[in-house]
Every structure is written in C-alpha cells, then in structure tokens.
Amino acid sequence: LLRGTLHFICNSIILKMRIVRNLNNKNHKISNDGTHHTGRGLKTPFLYPNIHGDGLSVILLAEPINMRLGKNYQMFRIPANTTQTKPNSFDTGYYNYYLQTLPLPHEYKQMNVSPDPNYSQDYFHKRMWQNSEQSANASNIPPPSFPTLDQYHFITACDKNPIGRDECVNRTQDHVTYPFFTPDRDWGTACCVTVNLQLSTPNLDQSTTTVLVGISHAKLSKRKPWWFQDLYGRYDDTGFDQYLSRFVAYSQETLEIVARSGYFCLGFASTHGEGDNTLAGRNTQFNLRLFNESFACPVIHFISGFS
C-alpha cells in the first residue's frame with residue numbers, strides 16, 4: 001500500500017490495483033470490454049471479471065510494468081527527513097519510497113509514487129524511478145551474527161571451462177575453491193519493519209538508533225545447480241528447491257547493511273494446542289536435507305510462519 005494505492009508484485013511485474021467493495025450488489029462504475037485477459041491491447045482501468053460471487057471489484061488502474069530487473073522485489077518506505085541518500089528529484093510527500101531489487105548486497109531504486117490513484121500510464125512508465133540505482137559497498141557487509149553449517153562447506157571446481165569432472169579432478173593446478181553459498185548474495189523475501197535499538201556507549205550512556213529489518217533467502221535452484229560443479233561429488237545428493245532465510249538490518253539513514261544473521265529455517269507447524277493449522281503434521285517426511293544432515297523443517301518456508 002503506497003500513498004493510498006495497492007501495488008502488487010508478481011516476479012518482475014508491478015500491478016497498480018484498486019479493490020472496492022460492491023455495496024448493495026451495485027458494481028463499481030468501471031466495466032471491462034468483455035475480455036478475460038491482461039495481455040496486449042488491454043485498456044485501463046480494467047475490471048477483472050468475478051469468478052466467485054460479486055462482493056468485490058478488482059480493478060487494474062494502469063498497464064502492468066515489467067521492471068526487467070529479475071524478481072523477488074520488495075517495496076519499503078522511510079521518513080523523507082531521515083535519509084542521507086541522494087535527494088528526490090520529485091516530491092513524494094512525507095516518505096521516500098524504494099523498490100529493493102537485491103537485499104544483499106543492498107540494491108534499490110527510489111520510486112516516484114503519485115498521491116493520485118488515477119495517474120496516467122505515461123506518468124507511471126516514464127517518471128516512476130530516479131535515474132540512478134544505489135547500492136551499498138559489498139566489501140563493507142558485516143559477517144553473519146552466528147555460524148551455520150554452510151560456512152564449513154566449499155565447492156572445488158575446475159577453473160578451465162568447459163571441462164569434464166573426470167578430466168579435471170587430477171589437474172590440481174586448475175582447481176578453484178569457493179563457499180557453498182555465495183557469501184554476499186541473497187534474494188529478497190520481505191522488507192522492511194522498523195526497529196529501534198537501545199545502544200550503550202563505552203561510558204554507559206544510552207542512545208537509540210533506528211534500523212530497517214528485512215528477510216532474504218538462498219535457494220538451491222534447479223536452473224543453476226552449482227553444487228554439481230564440485231569435483232569430488234560431495235553434494236550430488238543435494239535436492240533442488242530448498243530454501244534458507246536470514247535477517248538483514250539496514251541503516252535508516254544510509255540504507256547500508258549494518259547487520260545480518262546466519263541462515264535459518266522455520267520448523268513444521270505444531271500439532272498441539274489451540275488454533276492449530278489444519279495441515280500441521282502432514283508432509284513432515286519432506287524435510288530440509290543439506291550436507292548429509294536432516295533438519296526438522298520443510299524444504300520451503302514462508303514469512304507468514306512468523307505470525
């Protein structure tokens with residue numbers, strides 16, 4: 001929700017939406033052209049046809065925008081008078097708005113969000129972004145706050161590419177070794193909540209600093225199974241589409257990374273107590289398996305599990 005208007009993010013697509021309750025079964029005063037798609041030739045505002053019931057109108061206000069910057073974007077805002085980043089070239093009111101394209105290293109674009117929910121498609125396309133992308137210096141990223149197993153596992157690969165595993169394994173002069181997970185590269189999950197931290201100075205004075213805390217993730221992707229590059233086949237039995245998460249904290253003033261946790265996963269839903277999830281206790285055989293160890297959590301977890 002940005003300045004009174006809903007923005008939906010689907011992979012690299014941003015959709016500017018409005019959802020209206022239809023009181024007394026009276027439809028909102030926008031009608032579609034009889035089509036049931038949002039492809040080329042779409043006229044906006046577009047009223048999606050209801051599949052079940054008629055209590056809500058879901059309206060696309062502007063043509064979908066393809067950012068072509070990957071996916072896993074997150075939107076966040078900070079008070080306009082706190083940031084020390086490059087000043088706005090446009091007025092966004094009391095807050096500066098950002099689209100986070102990478103959580104670690106921190107890469108983002110400042111957004112121009114109009115207070116008018118009906119601003120035109122042309123405005124949305126041409127004036128959405130500040131010209132320059134800003135990112136923190138990756139060399140200054142602090143280490144994880146606690147160690148995890150991945151820090152003790154490495155890939156040994158052949159520096160000559162392409163070359164087969166059998167051919168390269170004895171050519172030790174061509175071997176390169178690197179961490180199992182890229183140490184300073186995560187993907188976005190959620191950003192951000194504001195946290196006020198109480199700090200003690202060396203003379204025991206108390207001070208407060210404000211940070212933005214988000215969640216990032218690492219994925220064992222089927223499209224890029226880098227662990228199969230290990231010459232000794234130590235990770236050949238590692239499964240695809242497994243996820244780990246971490247907390248990342250950013251300075252509200254500079255938006256640079258000031259802290260990050262190690263990787264973690266969320267456990268299975270409890271089968272005890274009041275208000276249990278109806279799916280608790282199911283599919284527990286599909287648990288996370290890494291480095292020849294089995295963990296008491298599913299292969300994928302969601303931030304909604306924190307609630």
Side-chain angles (χ1 to χ4, degrees), residues 1-80 88 90-101 108-130 187-194 212 214-215 217 275 277-279 300-307:
L1 181 63
L2 304 180
R3 303 195 81 176
T5 303
L6 292 173
H7 292 73
F8 287 72
I9 303 177
C10 180
N11 289 336
S12 64
I13 305 297
I14 297 179
L15 305 170
K16 191 167 186 289
M17 309 290 294
R18 178 185 293 159
I19 300 177
V20 181
R21 177 176 294 175
N22 295 330
L23 299 177
N24 299 322
N25 294 324
K26 292 183 178 179
N27 289 331
H28 192 70
K29 294 181 180 179
I30 297 178
S31 59
N32 64 36
D33 57 4
T35 60
H36 291 246
H37 62 83
T38 54
R40 292 184 177 181
L42 174 72
K43 295 180 180 180
T44 56
F46 177 86
L47 176 66
Y48 288 91
N50 287 340
I51 298 176
H52 300 287
D54 57 3
L56 293 176
S57 290
V58 180
I59 304 161
L60 178 66
L61 297 177
E63 183 178 337
I65 304 301
N66 191 337
M67 295 306 304
R68 305 186 187 282
L69 297 171
K71 61 177 185 176
N72 301 121
Y73 306 142
Q74 311 298 323
M75 293 180 179
F76 66 96
R77 72 179 189 180
I78 59 176
N88 284 341
F90 36 68
D91 179 21
T92 57
Y94 295 107
Y95 293 92
N96 290 335
Y97 298 87
Y98 298 89
L99 182 80
Q100 182 188 76
T101 54
Y108 50 89
K109 286 181 175 290
Q110 193 167 353
M111 301 174 63
N112 181 14
V113 183
S114 170
D116 180 7
N118 296 310
Y119 64 79
S120 70
Q121 170 185 326
D122 182 70
Y123 184 89
F124 193 66
H125 272 289
K126 294 183 179 179
R127 301 193 60 203
M128 187 70 179
W129 312 107
Q130 285 278 41
W187 305 106
T189 301
C191 184
C192 290
V193 296
T194 301
L212 306 172
I215 300 175
H217 70 268
N277 189 313
T278 57
L279 300 179
I300 182 172
H301 55 268
F302 299 92
I303 58 169
S304 57
F306 281 101
S307 61

(request) Would you give the length of the straight line joining atom NZ of K71 to atom CD1 of I9, rounded to the nearest 0.5 angstrom? (result) 13.5 Å

(request) Ignoring hydrogens and angles, tell me if any N or O in the side chain of N50 forms a donor-acceptor pair with the backbone of L56 under 3.5 Å. (result) yes

(message) Test of understanding: with side chain to side chain donor-acceptor pair (under 3.5 Å), list the residues that count as partners of T194, not counting sequence neighbours.
(response) none

(message) Rounded to the nearest 0.5 Å, what separates atom CG in L15 from atom CZ in F8?
(response) 8.0 Å

(message) Just verifying a value: how many Å separate T5 OG1 and R18 CZ, rounded to the nearest 0.5 Å?
(response) 7.0 Å

(request) Report yes if some heavy atom in the side chain of S57 is under 4.5 Å from a heavy atom in the side chain of L47; otherwise report no. (result) yes

(message) Rounded at 0.5 Å granularity, tell me how far CD in Q100 sits from OH in Y108.
(response) 10.0 Å

(request) Please name all residues satisfying side-chain contact (heavy atoms from CB on, under 4.5 Å) with H217, sequence neighbours left out, ordered by chain then number. (result) N72, W187, T189, K219, Y243, S245

(request) To the nearest 0.5 Å, tell me how far Y73 OH sits from H7 NE2. (result) 14.5 Å

(message) So, taking the atom named NZ in K16 and the one named CG in L61, what distance separates them when rounded to the nearest 0.5 Å?
(response) 5.0 Å

